[in-house]
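Computed from a predicted structure; not experimentally measured. Order of listing sets the numbers, starting from 1, for every ligand and every atom in it.
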Amino acid sequence: MQQTWVFLKSFLSSPKAVGSVVPSSRYLVNVIVSGIDWSTLGSVAELGAGTGVVTAAIERQRSRESEFLVFESDRSMRAALEKRYDSAAVHDNAYDLRKVVESRGLSGLDCIVSGLPFVNFSQADRKFLLKEFHDLLNPGGIFVALQFSRNIRPDLKALYDEVDMTHVWANVPPAFVYHCRRGS
Ligand SMILES: C[S@@+](CC[C@H](N)C(=O)[O-])C[C@H]1O[C@@H](n2cnc3c(N)ncnc32)[C@H](O)[C@@H]1O
């Protein structure tokens, strides 16, 4: 309940950046993390972690040796994530993903999970970020995006070899989850 309140407060102060009124439901979180063999992934980034409902699911499943980078631009939600996930590296702006990956000496990432509300970004930013995230994935890497519209689907289809979309009704609002795989 406290997480829902924190989320709602952040939404009321920055509706476009936060993009939804409440955190993802457990049904939506299950769809986001399903179909991925987390134990084989050496590096994972989560972009737009909010109050950490997806973060918690990733934390439960990823291997202890993997690197976990978490990005959240809202200051109060980021402070709570830093407290709760001391084994993850928590950062501010997802636009800095390349800088952070390079500064940690990683050649790329095995998985990127995004909750970023692309629908509220300019078209130029959306195109830039989707291409940037694709290029930062290692061969065979996975991009998972939570969205509330279908509008990024053509961009994803142009970038990835495989794009699966799941419509999740059991969430406020109903959501789309894209699982995309980069070619090997
Ligand atoms: C739709 S919410 C998803 C939150 C969470 N992943 C969930 O499923 O409940 C989007 C989140 O992205 C964050 N966000 C928006 N722009 C961002 C950026 N440039 N860098 C990092 N986080 C950002 C917002 O503050 C918000 O917490």
Side-chain angles (χ1 to χ4, degrees), residues 1-34 36 38 44-62 68-85 88-101 103 109 111-134 136 142-152 165-179:
M1 193 60 210
Q2 203 204 339
Q3 283 193 6
T4 305
W5 176 237
V6 169
F7 201 99
L8 179 61
K9 262 197 345 201
S10 299
F11 173 78
L12 292 174
S13 68
S14 311
K16 280 198 153 190
V18 175
S20 70
V21 183
V22 289
S24 293
S25 69
R26 63 176 189 278
Y27 306 100
L28 179 53
V29 173
N30 280 340
V31 172
I32 292 170
V33 299
S34 70
I36 298 171
W38 293 94
V44 180
E46 185 193 1
L47 315 175
T51 49
V53 288
V54 178
T55 322
I58 296 172
E59 210 31 11
R60 272 196 299 276
Q61 302 206 37
R62 74 181 178 96
F68 189 20
L69 313 175
V70 175
F71 290 76
E72 174 48 56
S73 57
D74 179 275
R75 199 171 346 145
S76 61
M77 293 200 278
R78 190 172 61 253
L81 290 164
E82 274 164 349
K83 246 198 219 159
R84 193 162 155 209
Y85 299 105
V90 182
H91 299 272
D92 173 358
N93 195 342
Y95 283 70
D96 295 334
L97 182 60
R98 178 177 292 279
K99 216 164 54 190
V100 172
V101 165
S103 73
L109 294 162
C111 182
I112 299 174
V113 178
S114 168
L116 298 177
F118 287 111
V119 72
N120 296 331
F121 291 11
S122 72
Q123 202 184 349
D125 276 20
R126 188 161 67 229
K127 279 203 179 289
F128 166 77
L129 287 174
L130 289 174
K131 169 90 169 62
E132 179 83 335
F133 300 157
H134 170 271
L136 281 168
I142 303 160
F143 178 62
V144 186
L146 148 68
Q147 292 293 283
F148 299 105
S149 88
R150 293 174 199 259
N151 77 332
I152 63 168
M165 190 189 81
T166 312
H167 199 171
V168 182
W169 293 97
N171 189 69
V172 180
F176 298 95
V177 179
Y178 298 91
H179 285 90

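Ring geometry, H167 versus F176: the interplanar angle falls under 30°, so the pair is classed parallel (tilted spans 30 to 60°).
Summary of contacts: the protein heavy atom closest to atom 27 (O) of ligand 1 is E72 OE1, 2.8 Å. Given atom 20 (N) of ligand 1, the protein heavy atom at minimum distance is A94 N, 2.9 Å. The protein non-hydrogen atom at the shortest distance from atom 1 (C) of ligand 1 is V18 O, 3.0 Å. Given atom 4 (C) of ligand 1, the protein heavy atom at minimum distance is G48 O, 3.5 Å. The closest protein non-hydrogen atom to atom 15 (C) of ligand 1 is A17 O, 3.1 Å. Atom 22 (N) of ligand 1 has as its closest protein heavy atom S73 N, 3.2 Å. Residue, atom and distance of the protein heavy atom nearest to atom 19 (N) of ligand 1 are N93 OD1, 3.0 Å. For atom 7 (C) of ligand 1, the closest heavy atom belonging to the protein is S24 OG, 3.4 Å.
Among the atoms of S20, none of the N or O lies under 3.5 angstrom from an N or O of ligand 1.
S114 is listed as a side-chain neighbour of F143, based on a closest heavy-atom distance under 4.5 Å. Residues R84 and E59 are not in side-chain contact: their nearest non-hydrogen atoms beyond the backbone lie 4.5 Å or more apart. Looking at heavy atoms from C-beta onward, V33 lies out of side-chain contact with V113 at the 4.5 angstrom threshold. With contacts defined as side-chain heavy-atom distances shorter than 4.5 Å, the pair F71/L116 does not qualify.
To the nearest 0.5 Å, the span separating CZ on F68 from CG on L109 amounts to 11.5 Å.
By the 4.0 Å heavy-atom criterion, L47 is excluded from the residues contacting ligand 1.
Remark: ligand 1 atoms within the under-4.0 Å shell around heavy atoms of V54 are 8 (O). Near M77, the atoms of ligand 1 lying under 4.0 angstrom from a non-hydrogen atom of the residue are 27 (O). Listed by number with element, the atoms of ligand 1 under 4.0 Å from a non-hydrogen atom of V53 are 7 (C), 9 (O). Ligand 1 places these atoms under 4.0 Å from at least one heavy atom of G115: 1 (C), 2 (S), 3 (C), 10 (C). Within the listing of ligand 1, atoms 14 (N), 16 (N), 17 (C), 18 (C), 22 (N), 23 (C) sit less than 4.0 angstrom from a heavy atom of L116. Atoms of ligand 1 found under 4.0 Å from any heavy atom of Y95 (numbered from 1 in listed order, with element): 19 (N). Close approach of ligand 1 to G50 (heavy-atom distance below 4.0 Å) involves ligand atoms 4 (C), 27 (O).
Contacts between S14 and ligand 1 below 4.0 angstrom, taking non-hydrogen atoms only, are absent altogether. Heavy atoms of L146 found under 4.0 angstrom from ligand 1 belong exclusively to the side chain.
For the salt bridge (Lys or Arg N to Asp or Glu O under 4.0 Å) condition, no pair includes a residue of residues 6-28, sequence neighbours left out.
Nearest approach of R98 to E132, heavy atoms of both residues: NE-OE2, 3.1 Å. When all heavy atoms of F133 and A94 are compared, the pair lying nearest together is CE2-O, 4.1 Å. The two residues V21 and F7 make their nearest non-hydrogen contact at O-CD2, 3.3 Å. Here the closest heavy-atom approach between residue A49 and residue V70 is recorded as CB-CG1, 3.6 Å.
The main-chain N or O of S149 is never found under 3.5 Å from a side-chain atom of Q147 such that the two would form a donor-acceptor pair.
For the ring pair (Phe, Tyr, Trp, His ring centres under 6.0 Å) test, residues two or more places apart in sequence or in another chain that qualify with H134 are Y160.
The closest non-hydrogen atom to atom 21 (C) of ligand 1, taken over D92, V119, L129, comes from D92. For the residues A49, A57, P23, the heavy atom positioned nearest atom 5 (C) of ligand 1 is part of A49.
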